[in-house]
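Presented below is the structure to which this report refers.
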Protein chains: 2
Amino acid sequence: MATAKGKAKSAAVAPAPTISEEGNRRGDIVRAAGRLFREKGYSATTIRDIAGAVGMRSGSPFYHFKTKHDMLLAVVLEGIRDIHAAVEVEARKDSPPRARFEAMLRAHLRQLLGEEGRDFAAALLHESRHLEAAELAEITALKDRYEAMWQALLKELKKTGEIADDSRTARLFLMGAMNWTVQWYRPEGPKGIDALAKQLAAFVLR
Amino acid sequence: MATAKGKAKSAAVAPAPTISEEGNRRGDIVRAAGRLFREKGYSATTIRDIAGAVGMRSGSPFYHFKTKHDMLLAVVLEGIRDIHAAVEVEARKDSPPRARFEAMLRAHLRQLLGEEGRDFAAALLHESRHLEAAELAEITALKDRYEAMWQALLKELKKTGEIADDSRTARLFLMGAMNWTVQWYRPEGPKGIDALAKQLAAFVLR
DNA sequence: GACAGTCAACCAAGCACTTGCTTGGTGATA
DNA sequence: TATCACCAAGCAAGTGCTTGGTTGACTGTC
């Protein structure tokens, strides 16, 4: 028989492997799924699309994943983990708040817009609603931990007087300005990601 | 025979009726489709869902629309037209720039988050990609006209010194902060829409 | 005011196709 | 010889959409 491998099940409780840790073909599937989910959306992407993108037949991905749904979960988890890791590196440095803020913006935007992470990030932002309640709760928890980092920094920026409002709502405005770039940013355009981060920092701070 | 009525075709060139102008059942379908598209997404919504929501059998909506695709177009067009109309009213007044800015924010957010327009707005923001190139070009043109109103106001605000950056990118940051509210705003929460508009104005202006 | 005719707005049934997923089997590798 | 990673084939359910027919409200005519 050939159902999904044992190690792949119960992703909601197990630590669940990051892409770099897991077998190559499984990682290929997650990457292809991520790209297709971003381009066409989860529901409009078929198993045959994903299988074709990695040179498999339509039944074969189910050796690695129990359901299409599990693929989405893997993609979304990869998305939140990558962003968190990238931004946390900058948040831990003890440079002055404003410099740290800019560095965090850079890291976040690179994940959103750069070739490496944008597929996972887009799925995280736009396709999470197709997850079920339990899974959604899991990634919501991760998201909360992530956004707490930003909240902490806003508090610091308020102390130094570089921002007027450090409320939850203000943080969500900031997240919106950042995450919305996915809708309009074009890498072939004139402005680079780092310049964008700088401009956003200037837009928000005073 | 019973294919889509003559008056319903070639929506890309004709003025296409607003919801309030058209027959009640057609309007019912557009409203139901809008709600379902927001809740489940375009691809995950079936004709049977839409038909069921208005008390029809699965084949009957095709008396009013040639394709499911055309329903999406109707929903998205309704979305951009409503927002444009609501905000334009405020933009035309000749109150001082800051007051006009706040009023426009209010109008935009009411469309996004209020019961009346949120279904259409959500479809506009999230499901437009499922349109074909020609239709997308049409709504992009409308969107450009809409955003030009904001750009003009930013220019005014720059002159009075109430904003530092009136570039296209700055406008897109603002749009992001606004449009992202769809992802997190809960009407049952403590904060009202008008208070939100006020806070956003304070966040962006100095 | 009775009555045939018209037409908008549906329904019942189903067709061709696509969907996620399953099953038994197979070649390569250890 | 056992396991991994896949394929070939297909199944049941669901998909958008079509077709011919029905119903009830309205119309003009005598």
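Here is the naming used below: chain letters follow the sequence lines, and residue numbers restart at 1 for every chain. Note that the structure is a prediction, hence the values are computed from the model and not measured.
- Contact between the side-chain N/O atoms of H69(B) and the OP1/OP2 oxygens of dC17(D) is not found at any separation under 4.0 Å.
- For K198(A), the side chain to side chain donor-acceptor pair (under 3.5 Å) criterion is met by no residue, not counting sequence neighbours.
- In this structure, S43(A) reaches neither bases nor backbone, as no heavy-atom distance under 4.0 Å exists between it and the strands shown.
- By the 6.0 Å and 45° rule, K68(B) stacks over the aromatic ring of Y42(B).
- Distances shown here put a side-chain N or O of Y63(A) below 4.0 Å from the OP1 or OP2 atom of dA5(D).
- Residue R48(A) places none of its side-chain N or O atoms closer than 4.0 Å to OP1 or OP2 of dT19(C).
- Atom CE in M56(A) sits about 12 Å away from atom C1' in dC4(D), given to the nearest Å.
- Rounded to an integer number of Å, the gap from I29(B) CD1 to dA8(C) C1' is 13 Å.
- Between the NZ atom of K68(A) and the P atom of dC21(C) there is a distance of 8 Å, given to the nearest Å.
- Within the structure, a side-chain polar atom (N or O) of R57(B) is placed less than 4.0 Å from OP1 or OP2 of dA12(C).
- Here T67(B) lies in heavy-atom contact (under 4.0 Å) with sugar-phosphate atoms only.
- Residue S60(A) is classed as a base contact, given a heavy-atom separation below 4.0 Å to a base.
- Among the nucleotides dC6(D), dT19(C), dT22(C), the one closest to the side chain of F62(A) is dT22(C).
- As rounded to whole Å, 12 Å separates atom P of dG14(D) from atom NZ of K40(B).
- One interatomic measurement links the two molecules: CZ of R25(B) to C1' of dA25(D), which rounds to 16 Å at whole-angstrom precision.
- When each of E88(B), H108(B), H84(B) is checked for a side-chain hydrogen bond (donor to acceptor under 3.5 Å, both in side chains) with Y146(B), only H108(B) meets the rule.
- One finds a salt bridge joining K93(A) and E90(A) here, because a Lys/Arg side-chain nitrogen approaches an Asp/Glu carboxylate oxygen to under 4.0 Å.
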May I have the step-by-step check of salt bridge (Lys or Arg N to Asp or Glu O under 4.0 Å) for D94(A) and R100(A), ending in yes or no?
-> CA-CA 8 Å; D94(A) 61 346; R100(A) 225 180 319 141; over 6 Å; no
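- Taking atom CD1 of residue I47(A) and atom P of nucleotide dT22(C), one finds them 11 Å apart after rounding to whole Å.
- Each of G59(A) and T46(A) was matched to the nucleotide of DNA chain C holding its nearest heavy atom; the match closer to the 5' end belongs to T46(A).
- To the nearest angstrom, P of dC21(C) lies 10 Å from CD1 of I50(A).
- Rounding to whole angstrom units, NE2 of residue H64(A) and P of dC21(C) are separated by 16 Å.
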